[in-house]
> 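One structure coming up, written as structure tokens, with questions to follow.
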Amino acid sequence: MSRFFVTTPIYYVKDAPHVGHAYTTVNADALARWHRLIGDDVFFLTGTDEHGQKVARAAEEQGLDPLAWTDQMSPRFAEAWAGLDVANDDFIRTTEPRHRASVERFLSAIYDNGYIFKDSYRGLYCVGCERYYATDELVDGNLCPDHRTPVEELEEENYFFRLSAFEDRLVEWYAANPGIVVPESKRNEALSFIKGGLKDISITRTSIDWGVRVPWDDEHVFYVWYDALINYVTAIGYGEDPERFDEWWPSVHHIIGKEIIRFHCVWWPAMCMAAGIEPPAHVQVHGWLLLGGDKMSNSSVNRITPASLTEEYGVDPVRYHLLRDIPLGSDGEFSAEGISSRYNSDLANNLGNLLSRVTTVVGSKCGGVGPVPDPSSRLADVAGTVVADAVAGWGASRPDLGLEATWRLIRETNAELEIAEPWKAEPGPGVDAVLGSALEVLRIVAILIVPAMPATAREMWRRIGLEGTPEEQRLPEAGSWGRYPGGLTVEKGAPLFPRRKD
RNA sequence: GGGGCAGUAGCUCAGUGGUCAGAGCAGGGGACUCAUAAUCCCUGGGUCGUGGGUUCGAUCCCCACCUGCCCUACCA
């Protein structure tokens, strides 16, 4: 059995969960579900990033201490993911004792290995950005270009990470492992950044105290990014449970957005090397949701909440659109028109309608009892190809390709029914063969859509009379033709996806 | 200012150094009626962002430019 450890970035609690977060998380969830389906041992991690000055100040404004404030904010993410049927195995918060302990161990290891040193820096600091600016970067004399708020002059003695020492090692690592960062264009971006020269970076602050205190110098607190990245190893028992850690590390699959490539593809591998562990094996970079269409052109990603989408379209249709229409690795269009059109064509007309017509005709021609599939059906060959293509697509972390393949089988089955016209024929072996094969397609499709639309998959499974759940099936064996047993009671239910009028 | 990504049929996207550049959706025509006015069949001639160059020949190779976006920017 192989292992599949998949992570999302941990989301900053100060933000409200939005469709961009949902995109990353749903992809991670779908990949986790796919790997469970092929029998892998899966660990799916997400969580919240809760330190830093922005959080401390927000808490202060509410008259709360930071932890009390984040205790209120963090669950919004957990609730958002539950609302999208996301089944993460763990939800880590950087304020948890396990994580603080892990950060201390991890950074102490780097310190002990000689890659952290002390130096001082004086400059103009923006609290919102938690970074310093050069004077010519400022707007109107002393305003942060991002926040349009005044910067503050600060002088700090900070600890620095000797990132520059890892330039060669990182280049070698990239050369030796062509597949670590996907897609290739993003890998090249990371690599060229490294080759452009790496500078040592400040990793602590003295001006704030909401964070993990530096174990060897309690005047200092670790910079929020440095603390956050370590969550990935905390959750699998770094320094706490070596056996468990070795089982899951380094073969992790980090799923990240393209804006944080530098942190995950440069800093993080170097930090791992410095701490004496292997760098992460896979970083899957995704693009952005481009908001198009009339209804969304006036919105920004961070104003579209997952709850508003699922309320309007349903959980599975939202998942389907995110997975089907925005290929992992490139930017893609997200719009009301897009999701609506996808809903009607793929879900209502193709999938939902296929289930309806098959269950209806089984009711009228077979007395509501599903017959066995025809081993020599043309659909058997189609299904074989489709399962293979779906396995390849999902295996390449491309849900869109896996789903596209699956829908070829649905379309072919609708076409096959037109040819056979079982609703016209007299009940008998001929009709049974056609309908049994159609039911067999529905069984296979139910399995193939588990990662994208788990609830829909379960409902289809139930309606065609199968015991258990589609999640329990194991590909590729369960995808082979002829496993629908026949003799099962088939239920004609309400439309799975009623057509939308918009 | 530097680095990178993208610009292909109405829409969303595939794609290859060379016979007619593809799919899905939308649109048009036909068939059918089991089904959610669903399905099935036929129908796509689009300067492949602009201008050059390499080549016998480029949408795909190179250069410049335009447009959109991401990262980065006289040490955080």
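Computed from a prediction, not measured in an experiment: that's the story for all the values here. Numbers restart at 1 for each chain; the letters A, B, ... are given by sequence-line order, proteins then strands.
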> Which pairs pass ring pair (Phe, Tyr, Trp, His ring centres under 6.0 Å) with one or both residues in residues 395-450 of chain A, sequence neighbours excluded?
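Qualifying pairs, neighbours excluded: Tyr320(A)-Trp407(A).
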> So, Asp331(A) and Lys258(A), do they make that salt bridge, N to O below 4.0 Å?
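Between Lys258(A) and Asp331(A) there is a salt bridge, with a charged N closer than 4.0 Å to a carboxylate O.
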> Would you classify Arg324(A) as touching base, sugar-phosphate or nothing, given that sugar-phosphate means primed atoms plus P, OP1 and OP2, and contacts are heavy atoms under 4.0 Å?
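Nothing: the residue Arg324(A), judged by heavy atoms under 4.0 Å, touches no strand.
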> Dot-bracket for RNA chain B, please. Rules: Watson-Crick or G-U, both distances under 3.5 Å, ( ) within the strand, [ ] when a pair crosses earlier ones, | for another strand, . otherwise.
(((((((..((((....[...)))).(((((.......))))).....(((((..]....))))))))))))....
> To the nearest angstrom, how far is His286(A) atom NE2 from rC70(B) atom C1'?
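From His286(A) NE2 to rC70(B) C1': 12 Å.
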> From CZ of Arg500(A) over to P of rC25(B), roughly how many Å is that when rounded to an integer?
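Rounded to the whole Å, the gap is 19 Å.
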> Using a strict heavy-atom distance below 4.0 Å, which residues from residues 344-374 of chain A are in contact with RNA chain B?
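Close to the strand are Ser345(A), Ala348(A), Asn349(A), Asn350(A), Gly352(A), Asn353(A), Ser356(A), Arg357(A), Thr360(A), Val361(A).
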> More 5' along RNA chain B: Asn414(A) or Glu259(A), using each one's nearest nucleotide?
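By nearest-heavy-atom nucleotide position, the 5'-most residue is Asn414(A).
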> Write down the protein N/O and nucleotide N/O pairs, taken from nucleotides 4-6 of chain B, whose separation is under 3.5 Å; answer none if there are no such pairs.
from: rG4(B); atom 1: O2'; to: Glu189(A); atom 2: OE1; distance (Å): 3.4

> Which whole-number value in Å describes the distance from Leu442(A) CG to rC34(B) P?
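That distance rounds to 19 Å.
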> Any donor-acceptor pair under 3.5 Å joining the side chain of Glu418(A) to the base of rC34(B)?
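Answer yes: a donor N or O sits under 3.5 Å from an acceptor.
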> To the nearest Å, how far apart are Phe160(A) CZ and rC75(B) P?
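Roughly 12 Å, once rounded to whole Å.
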> Counting any heavy atom closer than 4.0 Å, what does Lys195(A) reach on the DNA or RNA strands: base, sugar-phosphate only, or nothing?
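Answer is nothing: Lys195(A) stays at 4.0 Å or more from every strand.
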> What residues form a ring-ring contact (aromatic ring centres under 6.0 Å, His included) with Tyr23(A), not counting sequence neighbours?
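So Tyr23(A) forms a ring-ring contact (aromatic ring centres under 6.0 Å, His included) with His286(A).
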> In plain terms, say whether Arg462(A) and Glu459(A) are close enough for a salt bridge, that is, a side-chain N and a carboxylate O under 4.0 Å apart.
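Salt bridge present between Arg462(A) and Glu459(A).
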> Have a look at Leu496(A) and say if it touches a base, only the backbone sugar-phosphate, or nothing, with a 4.0 Å heavy-atom cut-off.
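Here Leu496(A) touches the bases of the nucleic acid.
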> Quick test: give all pairs of protein nitrogen or oxygen and nucleotides 9-14 of chain B nitrogen or oxygen below 3.5 Å, distance rounded to 0.1 Å.
from: rC13(B); atom 1: OP1; to: Glu333(A); atom 2: N; distance (Å): 3.0

